[in-house]
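Sequence lines set the chain letters: A, B, ... in the order given, protein chains first and strands last, and positions in each chain run from 1.
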Amino acid sequence: MQPFTLNVIKIIQSIPRGKVMTYGQIAKAAGSNRAARQVVRILHSMSEKYQLPWHRVVNASGKLTIPTEEGKVLQKQLLQNEGIVFEKDDQLSLKRYMYDPIEFWEE
DNA sequence: TGCTTGACATGGG
DNA sequence: CCCCATGCCAAGC
């Protein structure tokens, strides 16, 4: 496994309750700013094994991008359980809920 | 080894 | 705001 992959896993595990991160952010934080698609794959194949909070990962627009309707509904419910409120059907406010680890370094 | 596959991102029309 | 093309790169086959 590549170090990048491991980083992605750790980062996703570090997302706190009630917060979300975008694929691009995670990829960048893991060391490759253009590897959003690898994050996708990792979520696909490792979310079970590593118990990743996959539902806290959304796209750059702050929308749910699960292909199936059931998956989308499930993710939405999981996020709502954590206190996140949706503006529209599958749209949430990134301004409010986006988790940026940079807070730790710069604050 | 080489080609295909994505739950993405970004920019242009 | 929606749709499309293109870039990207590790994992699977």
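Candidate nucleotides B:dG6, C:dC8, B:dA9 were compared by shortest atom distance to the side chain of A:R34, and C:dC8 ranks first. The side chain of A:T65 has B:dA7 as its nearest neighbour among B:dA9, B:dA7, C:dA10.
Atom pair A:N33:CG and C:dA10:C1' shows a separation of 15 Å (rounding to whole Å applied). Across the protein-nucleic acid pair, A:M46 atom CE and B:dG6 atom P stand 16 Å apart, rounded to whole Å. Counting to the nearest Å, the P atom of B:dA7 and the CG atom of A:N59 are 13 Å from each other. Distance, A:K28 NZ to B:dC8 C1': 15 Å, rounded to whole Å. In this structure, the CG atom of A:L94 is 13 Å from the C1' atom of B:dA9, given to the nearest Å. The distance from atom CD of A:E87 to atom P of C:dC1 is 11 Å, rounded to the nearest whole Å. Rounded to whole Å, the distance from NE2 on A:H44 to C1' on C:dG12 is 13 Å. Atom P of nucleotide C:dG12 and atom CD of A:Q2 are separated by 12 Å, given to the nearest angstrom.
Salt bridge A:D89/A:K63: absent, no basic N to carboxylate O contact under 4.0 Å.
When heavy atoms are screened at a 4.0 angstrom cut-off, A:T5 is found touching the sugar-phosphate backbone but no base atom.
Heavy-atom distances to DNA chain C give each of A:I42 and A:R37 a nearest nucleotide, and the one nearer the 5′ end belongs to A:R37.
How far CD1 of A:I66 is from CG of A:D90: 10.5 Å, rounded to the nearest 0.5 Å.
The base of B:dA9 is not paired with the side chain of A:Y23 by any donor and acceptor separated by under 3.5 Å.
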- Task: Determine, step by step, whether A:H55 and A:K76 satisfy the side-chain contact (heavy atoms from CB on, under 4.5 Å) criterion, reporting the C-alpha distance in whole Å, the side-chain angles of both residues, the deciding distance to 0.1 Å, and the verdict.
- Result: CA-CA 8 Å; A:H55 57 279; A:K76 185 178 174 184; over 6 Å; no

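A:Q75 has its side chain within reach of A:W54: a pair of non-hydrogen atoms, C-beta onward, lies under 4.5 Å apart.
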